[in-house]
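Computation of the quantities below employed the complete heavy-atom set of this structure, encompassing side-chain atoms and omitting hydrogens, waters and symmetry-equivalent molecules. As the structure is a prediction and not an experimental result, all values here were calculated from the model.
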Amino acid sequence: MKLQDAAQRLGVHYQTAYGWVRAGELPATKIGRGYQVTEEDLHRFEADRATGQAPSPALQVRDWNEQVRRLFGALAAGNEKQARRQIDRLLTGQVPAIELCTRLIAPALAEIGQAWAANRMSVAEEHRASAICERLLAPLAQPRPGRPRGVAVVCTPPDEQHGLPALMAAAALREDHWVVHHLAVNVPLADLADLAEQVAADLIVLTTTTAAPPKAAGLRTLSARLPHTRVLVGTPGASLHTLLASARGHR
């Protein structure tokens, strides 16, 4: 919900709620020019206020570039324990999954890709780093309690083998209280349509790391088969915040 609506629920002025967000007391995600608050975080905040306890503030990360440097070093060295300790510390500090994906894991992976392209890293080392990130993302992509916003199916289109963007999209949507069916990579569009119809999906998200989107004819067939299901096709470098804004706009 919008921060304005959360403030009304709490019985305070918008600026008071905004101050709690700035202080890290009320978790919120910046979408466009405004803020969104989840039902789960609002309930927790209300419960803490009712008991007279100060809400636990989220960890304020002062230098994301340093965080990226550290994670890149751990991934390049294959030091999964170090990478996991870094992620676990940020999760314990209540840093949102969407921030970990967009401001830490994605930039570190981009540096891994650049190192491979410059022949400073072998294919084996690049694959090792990607596999570590898949395991790091697993706890971020767990289903969340609370009333679901809708049902989403997330995967990559045919011939797209890079699954990490889809996994990050699944994590962001689940954190936003969507029921997500994550199908991983290289899913035939006909099979995707069958499953989306079976689960009554409100949304289909297709992620891709290439400049070439799925074939338009296939997308038209998908839309014709599922006229009430919105299909979002990601592009390289697309923001997870944009994904959430588009997904919420559909509901």
Side-chain angles (χ1 to χ4, degrees), residues 27 29-32 36 38 40 68 71 87 90-91 95-110 112-113 129-146 148-189 191-193 195-196 199-214 218-219 222-223 226 229-251:
T29 301
K30 188 171 179 59
I31 304 292
Q36 293 281 341
T38 68
E40 180 185 2
V68 172
L71 182 59
I87 296 295
L90 294 170
L91 283 175
V95 177
I98 192 170
E99 295 300 314
L100 291 177
C101 289
T102 58
R103 304 186 72 173
L104 178 59
I105 296 176
L109 279 171
I112 292 289
S130 296
I132 290 173
C133 283
E134 286 184 3
R135 292 188 288 274
L136 294 178
L137 282 164
L140 277 64
Q142 295 299 311
R144 306 300 176 96
R149 290 184 182 275
V151 178
V153 178
V154 180
C155 62
T156 76
D159 301 322
E160 173 61 71
Q161 302 293 339
H162 294 86
L164 284 171
L167 186 53
M168 288 189 230
L173 286 165
R174 281 177 172 161
E175 185 174 60
D176 200 40
H177 299 282
W178 287 77
V179 174
V180 177
H181 297 267
H182 176 226
L183 311 186
V185 301
N186 196 21
V187 179
L189 294 184
D191 291 341
L192 170 60
L195 188 137
V199 302
D202 302 291
L203 180 70
I204 293 173
V205 177
L206 296 168
T207 66
T208 178
T209 60
T210 65
L219 293 179
L222 192 61
S223 296
L226 303 164
T229 303
R230 188 175 186 189
V231 180
L232 298 179
V233 180
T235 56
S239 165
L240 291 176
H241 290 289
T242 301
L243 166 63
L244 292 190
S246 298
R248 290 174 176 179
H250 178 55
R251 295 300 298 156

Inset, instruction - Please report the shortest heavy-atom distance between Leu240 and Ala172, naming the atom on each side. - result: CD1-CB, 4.2 Å

Inset, instruction - Could you tell me whether the side chain of Glu175 and the main chain of Ile98 form a donor-acceptor pair under 3.5 Å? - result: yes

Legend entry - Beyond-backbone contact of Leu109 with Met168, side-chain heavy atoms, under 4.5 angstrom: yes

Inset, instruction - Might you point out which heavy atoms bring His162 and Thr156 nearest each other, and give the distance in Å? - result: O-CG2, 3.5 Å

Legend entry - Where Leu222 and Ala193 come nearest, the two heavy atoms and their spacing: CD1-CB, 3.6 Å

Legend entry - Partners passing side-chain hydrogen bond (donor to acceptor under 3.5 Å, both in side chains) against Thr102 (at least two apart in sequence or in another chain): none

Legend entry - Pairs involving residues 95-109, ordered by first then second residue, that meet salt bridge (charged side-chain N to carboxylate O under 4.0 Å, His left out) (sequence neighbours left out): Glu99-Arg103

Inset, instruction - Answer yes or no: is there a side-chain heavy-atom contact under 4.5 Å between Pro148 and His177? - result: no

Legend entry - Interatomic distance, Ile31 atom CD1 to Thr242 atom OG1 [nearest 0.5 angstrom]: 8.0 Å

Legend entry - Heavy-atom pair of closest approach, residues Leu195 and His181: CD2-CB, 4.3 Å

Legend entry - Side-chain donor or acceptor of Asn186 paired with backbone N/O of Asp159 under 3.5 Å: yes

Inset, instruction - Give a yes or no on whether the backbone of Ile204 and the side-chain of Arg230 come within a donor-acceptor separation of less than 3.5 Å. - result: no

Legend entry - Any side-chain donor near an acceptor of the partner, Glu160 and Thr208, under 3.5 Å: yes

Inset, instruction - Decide yes or no for Leu203 and Val153: does some side-chain heavy atom of the first lie under 4.5 Å from some side-chain heavy atom of the second? - result: no

Inset, instruction - For Glu40, enumerate each residue passing the side-chain hydrogen bond (donor to acceptor under 3.5 Å, both in side chains) test, keeping only those at least two apart in sequence or located in another chain. - result: Arg44

Inset, instruction - Of all the heavy-atom pairs spanning Ile105 and Cys133, show the shortest one and how long it is. - result: CG2-SG, 4.1 Å

Inset, instruction - Please answer whether the main-chain N or O of Ala138 pairs with a side-chain N or O of Gln142 as donor and acceptor at a distance below 3.5 Å. - result: yes

Inset, instruction - Grab the two heavy atoms, one from Leu140 and one from Ala171, that are nearest each other, plus how far apart they are. - result: O-CB, 3.7 Å

Inset, instruction - Would you check if the side chain of Asp202 reaches a backbone N or O of Gly150 as a donor-acceptor pair within less than 3.5 Å? - result: no

